[in-house]
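For clarity, every value in this text was computed on a predicted model and none was experimentally measured.
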Amino acid sequence: MLALSLFLVLLAVASTTLSVNPGVTVRLTDKGLQYGKQLGIAAMQEKLKSIQIPDFSGSQRVSPIGKVKYSLSNIRLVNVGLPSSAVTLVPGTGVRLTIGNAFMNLHGNWRVKYLRVIKDSGSFDVNVNGLTISTTIVVKSDATGRPVVSNTNCVANVASAKVKFHGGASWLYNLFSKFINKALRNALQKQICPLVDKTVIGLNPKLQTLNVLAKVDKYAEIEYSMVSSPVISQSSLDLNLKGQFYNIGKHQEPPFIPAAFSLPSQNNNMLYMALSAFTANSAGFVYNKAGVLSLYITDDMVPKGSPFRLNTKTFGVFIPQIAKQYPGLMMKLLVRAEKSPTITFQPKNATAVATATVTAYAIQPNGTLSPLFVLNVESSVSADVYVRGLNIAGRLTLNQMKLSVGTSYVGQFQVGVLDSVLRMVLKVVVIPIVNVQLDKGYPLPALGKMNLVNPQLQIMKDYMLIGTDVNFTG
C-alpha cells in the first residue's frame, strides 16, 4: 500500500542519525503522494475483500410472538467500495491515510425458532454505509538499515449496517433487524483495523527490495543508506541518502566529503533526485583505487582509415630519434591516471578534469617493451549526462589538453609536436572506450518494479537534478 509514498518515506529512515551532508537527496512532491494514494487504496480495497464475519446467534423478544432465537451463518462480502480517500504527510512521522464514505454489501443465511416449535429460514443482505478509516503509517528501520513499517492510531467506524431478510416470514423478522444491525456493525468494526495492519505489514517484504547497496560491476557498488531522518513538510518530503561509491568488499572513505546543496522549488513531477558531485567523485576515487583507470593502446585499436599509425615510423616524423634508435617497430601506449579525476557541476555544464601519464614503448621483436618517453597530460572533458532506465549514464567529449614531458629516453624534444597525435589518441581511442562503459550506466535508488516516466535531467550548481514521474508494475 502507498508504494511510492512509503518508498520515499522509508528510504529516509536511517540506520544512522549522524548529521552529515548527503550525496543524494530525493524529494517526493504532492503529485507523487497522490499517485501513491491510488496504489494504496487499490491494495486496501483488495485486503478488505477478505473480511470474514463469523457466524453468530442470539435471541430477541418480538411483539407479539415473544422470544425469537436467531442465527446468522455463511456471511460473505459481496462488494466493497472506497469512493473517498486522502493521504497527507505527517511531519516527523510518515503518512496519514483517511478513507470516508466507504460501503460494503454482504450476503448470508438466517434461521429462527420461536414459540418453541416454529422454525424458519432464508437469506439476508446487509448494506453497510458510512464506513470511515483513519490510520497513521509509522516508519522505522531494521538492524540492517532497511525500512520497516507499522500501523498506529487506526480507527474504523461503521455509521450504519442495515439487514434485510428474504424468504420465510421475512416481514416479521425485519421487525427486529435493528438488533441485528448493531451486532453486524460491531463485528465489522473489529475486523477492519486488523486488516489495515496486515496491509501495512505486508509491505515490508517489498521494501526489502530497496537497493540500499547497489552493485555496479565487479569493481564498485553504490550505497544508498540514509544519513539523516526525513525532512517532511505538509507539501513535500526530502530524504537524504549516502550516495557513495565503494570498492566491492572494501569500504574506504575518500579524502573529501559531500558539500551542502539545496533543491529548487519545483513540483511538476512526482519525484526529484539530486545526485551531487560528491557521488560522481566517489566513483572516480573507487575506480582509481581499483587500478582500472589505465589502458594499453595498440595499433589495432586505431581506426584503419587513420593516416596515423602506432609505430616508430609515424612517431619518427615528430621525434626523429625514435625512428633512428628503433627503426621499423610497432609501438604501445600506456595511459594511466595519476590521481582520481575531479568532477564539477555548474549550471548546464558537467566537467571532469583528469591528470594522467602517457608512456610510449617500442615493441621489440621478442615482445619486450623499450620505453621511449613519458608525458604528463592534463585534460578536461565535458559530460553529456542522461537517464537510461533506472540508471544514470553519460558520454564524454574532449575540451582541452595540456602536455608536458615527464621523462624522455630518446633525448630532448618539443612536446608540442605531439599535441595533435595525443589529441587524436584521446578522441578516437580512449574516450570512446570510456563512453562504452559510461553508457551502461550506474543504478539510481529504486524499489522493486519501479519505472521512471519521462525523466528530465538538469545540471545545477554542485549537483544533477532528475525530475520524473514514476509507475510501479508490480
Side-chain angles (χ1 to χ4, degrees), residues 211 214-222 243-248 273 275 277 279-310 330-345 349-361 375 377-401 420-446 451-452 455 457 459 464 466:
N211 59 343
K215 183 178 179 180
V216 178
D217 50 34
K218 64 181 180 179
Y219 304 107
E221 56 195 5
I222 309 176
Q244 183 172 336
F245 281 73
Y246 285 106
N247 291 109
I248 289 180
M273 297 185 189
L275 291 82
T279 298
N281 282 312
S282 72
F285 175 77
V286 162
Y287 284 106
N288 189 45
K289 277 290 184 181
V292 296
L293 298 185
S294 63
L295 175 68
Y296 275 107
I297 302 172
T298 54
D299 186 68
D300 59 353
M301 298 166 69
V302 179
K304 293 182 178 180
S306 172
F308 168 81
R309 305 317 311 171
L310 198 51
M330 301 304 295
M331 289 177 56
K332 176 183 287 189
L333 302 179
L334 172 61
V335 181
R336 181 170 56 195
E338 287 299 295
K339 61 181 181 180
S340 303
T342 301
I343 296 94
T344 57
F345 296 137
N349 184 29
T351 304
V353 175
T355 300
T357 59
V358 176
T359 304
Y361 299 95
L375 300 180
V377 182
E378 297 281 344
S379 62
S380 170
V381 296
S382 292
D384 175 26
V385 189
Y386 48 91
V387 177
R388 181 187 295 279
L390 288 173
N391 290 345
I392 186 80
R395 181 178 179 83
L396 303 181
T397 303
L398 181 64
N399 288 335
Q400 298 177 347
M401 183 188 71
S420 61
V421 174
L422 266 296
R423 189 175 296 271
M424 184 277 296
V425 169
L426 291 179
K427 283 185 174 181
V428 304
V429 180
V430 177
I431 290 179
I433 290 174
V434 174
N435 284 339
V436 169
Q437 298 302 314
L438 293 177
D439 186 61
K440 295 177 181 178
Y442 304 90
L444 294 165
N451 298 300
L452 305 186
L457 188 145
I459 305 296
M464 301 179 290
I466 301 170

Could you tell me if the side chain of [Y] sits less than 4.5 Å from the side chain of [X], heavy atoms only?
{"X": "Asn391", "Y": "Lys440", "answer": "no"}
{"X": "Pro341", "Y": "Val381", "answer": "no"}
{"X": "Val429", "Y": "Ile433", "answer": "yes"}
{"X": "Leu457", "Y": "Ile392", "answer": "yes"}

State which residues pass salt bridge (Lys or Arg N to Asp or Glu O under 4.0 Å) with Asp217; sequence neighbours excluded, sorted by chain then number.
-> none
Should the ring pair Tyr296 and Tyr361 be called parallel, tilted or perpendicular, given that the plane angle runs from 0 to 90° and is split at 30 and 60?
->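 Tilted.
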Asn211 side chain vs Ala446 backbone, donor-acceptor pair below 3.5 Å | yes
In short, salt bridge (Lys or Arg N to Asp or Glu O under 4.0 Å) pairs touching residues 426-438 with sequence neighbours left out are none
What pairs of residues pass the salt bridge (Lys or Arg N to Asp or Glu O under 4.0 Å) test when at least one of them lies in residues 295-310, not counting sequence neighbours?
-> Asp299-Arg309
How would you list, by chain and number, every residue that makes a side-chain hydrogen bond (donor to acceptor under 3.5 Å, both in side chains) with Tyr386, sequence neighbours excluded?
-> Asp439
Report the residues that fulfil side-chain hydrogen bond (donor to acceptor under 3.5 Å, both in side chains) with Thr357, sequence neighbours left out, ordered by chain and then residue number.
->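 For Thr357 the side-chain hydrogen bond (donor to acceptor under 3.5 Å, both in side chains) partners, ignoring immediate neighbours, are Glu338.
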Any residue meeting ring-ring contact (aromatic ring centres under 6.0 Å, His included) with Phe245, in chain and number order, not counting sequence neighbours |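 Counting only residues at least two positions away or on another chain, Phe245 forms a ring-ring contact (aromatic ring centres under 6.0 Å, His included) with Tyr442.
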